[in-house]
Amino acid sequence: MNPLLGGVLLALKGIGILLLVLIVLVGVLLLLPVGLQVRWTEKEGPVCRLLAGPLRLPLYPPPEKKKAKTKKKKRRPQKPPAPKAQAGESEPAPSGPPPAGAQGVPAPKADPGAPARTQPSADGLLAAMGTLGRALWPRRERLLRRIEVRRLQVVWTVTGADAADTAITYGRRIALFNTLLAMARDHVRIRADELRLEPDFTGKQKENRRLACQIVGRTYIIVVILWTLLQKNENGEIPLQKMLGQLSA
């Protein structure tokens, strides 16, 4: 056999093996179970993490950047001592509060460039979920059958204008809640840990509200969802950009 032809065949064989390994790796990555961990409470607001096997990567709120270097403290030059008062002379007592920065205490400085952090409300979270549902609705049959909701926790309270209005509103909400849950279980596999809807006649149990779940699927499902959220809808809006605006409102 010609040595040149043998070298070409050997190179083609190596390229074929490399391509096969890459195809297997891509297939494994696309079939890897990934998902989102979503939690909302009245105190801390929404928290979202990316699940990829044992990894938990924070998505929202973004992690704060730590300062790499600390500022060194500058030594101030020592002032010469004031001359002592002679006998019979009294030093005048200082009137009024000491000025800022006196006695080595620096005056507090305000940072005008620091943005004020606001916690998204429950209305913003529900609006973002509605935008997500409308964006994925045309592909619901293909996507929902491959998604599983785990560790679902819903603890919510209902408060009306008075005791009678609270009881009536609670009856309507519990019926709506059960209907929506039954409809969702017809399309998505749901494993719930805690589902509670309670009347709150005093309005003091509002701080106990919380929502939490894990939405798990395969990598290729997440890729399809992200691609869908990045496409403009009939109104010319990008759903993902709209959801971020609703969460930050």
- Message: Hydrophobic cluster membership, with links at side-chain heavy-atom distances under 4.5 Å among I/L/V/M/F/W/Y: are Leu181 and Val154 in one?
- Response: yes
- Message: Under 4.5 Å between side-chain heavy atoms, counting indirect links through other Ile/Leu/Val/Met/Phe/Trp/Tyr residues: same cluster for Met243 and Ile147 or not?
- Response: yes
- Task: For atom CZ of Arg56, decide whether the heavy atoms of other residues, nucleotides or ligands shown that lie under 6.0 angstrom number more than 12.
- Result: yes
- Task: State whether the side chain of Arg209 and the backbone N or O of Thr157 hold a donor-acceptor pair below 3.5 Å, judged by distance alone.
- Result: yes
- Give, for atom OG1 of Thr131 and atom CG of Leu244, the distance between the pair rounded to the nearest 0.5 Å. 10.5 Å
- Message: Would a single hydrophobic cluster contain both Val158 and Ile174, if residues Ile, Leu, Val, Met, Phe, Trp and Tyr are joined by side-chain heavy-atom contacts under 4.5 Å?
- Response: yes
- Measure across Arg146 and Ile221 and return the closest heavy-atom pair with its distance rounded to 0.1 Å. CD-CD1, 3.6 Å
- Item | Hydrophobic cluster identity match, Leu211 and Val188, side-chain contacts under 4.5 Å | yes
- Item | Rounded distance (nearest 0.5 Å) linking atom CD of Glu194 with atom CD of Gln153 | 5.5 Å
- For the student: nearest non-hydrogen atoms of Lys43 and Glu207, plus distance: CE-OE1, 4.2 Å
- Scanning both residues in full, the closest heavy-atom pair of Ala161 with Asp165 reads N-OD2, 2.9 Å
- Please report the closest heavy-atom contact between Thr159 and Gly203, naming both atoms and the distance. OG1-CA, 3.9 Å
- Query: Where is the tightest heavy-atom contact between Gln205 and Asp200, given as atom of each residue plus distance?
  - Reply: N-OD2, 2.9 Å
- Give, for atom CG of Asn208 and atom CH2 of Trp156, the distance between the pair rounded to the nearest 0.5 Å. 12.0 Å
- Main-chain N/O of Leu197 paired to Tyr170 side chain as donor or acceptor, under 3.5 Å: yes
- Message: Using the rule that Ile, Leu, Val, Met, Phe, Trp and Tyr join whenever any side-chain heavy atoms are under 4.5 Å apart, tell me whether Ile215 and Leu240 fall into a single cluster.
- Response: yes
- Let me see the working for Leu50 and Leu36 under side chain to side chain contact (heavy atoms under 4.5 Å, CB included), right down to the final yes or no. CA-CA 5 Å; Leu50 175 64; Leu36 294 174; 4.2 Å; yes
- Query: Which distance, rounded to the nearest 0.5 Å, do you find between the CD of Glu237 and the CZ of Arg134?
  - Reply: 9.0 Å
- Item | Check: Asn235 main-chain N/O paired with Asn233 side-chain donor or acceptor under 3.5 Å | yes
- Leu152 and Leu195: CA distance, side-chain angles, deciding distance, side chain to side chain contact (heavy atoms under 4.5 Å, CB included) verdict: CA-CA 8 Å; Leu152 176 63; Leu195 299 175; 3.9 Å; yes
- Item | Separation of Leu229 CG from Gln241 CD (nearest 0.5 Å) | 12.0 Å
- Task: Decide yes or no on side chain to side chain contact (heavy atoms under 4.5 Å, CB included) for Arg210 and Arg39, but give the supporting numbers first.
- Result: CA-CA 7 Å; Arg210 65 178 182 272; Arg39 184 178 73 254; over 6 Å; no
- Item | Closest non-hydrogen atom pair, Cys48 against Val38 | SG-CG2, 4.3 Å
- Item | Counterpart residues, salt bridge (Lys or Arg N to Asp or Glu O under 4.0 Å), relative to Glu148 (two or more places apart) | Arg150, Arg191
What side-chain donor-acceptor pairs closer than 3.5 Å can you find for residues 11-33, not counting sequence neighbours?
none

- What's the spacing between Gln37 CD and Leu59 CG if we round to 0.5 Å? 10.5 Å
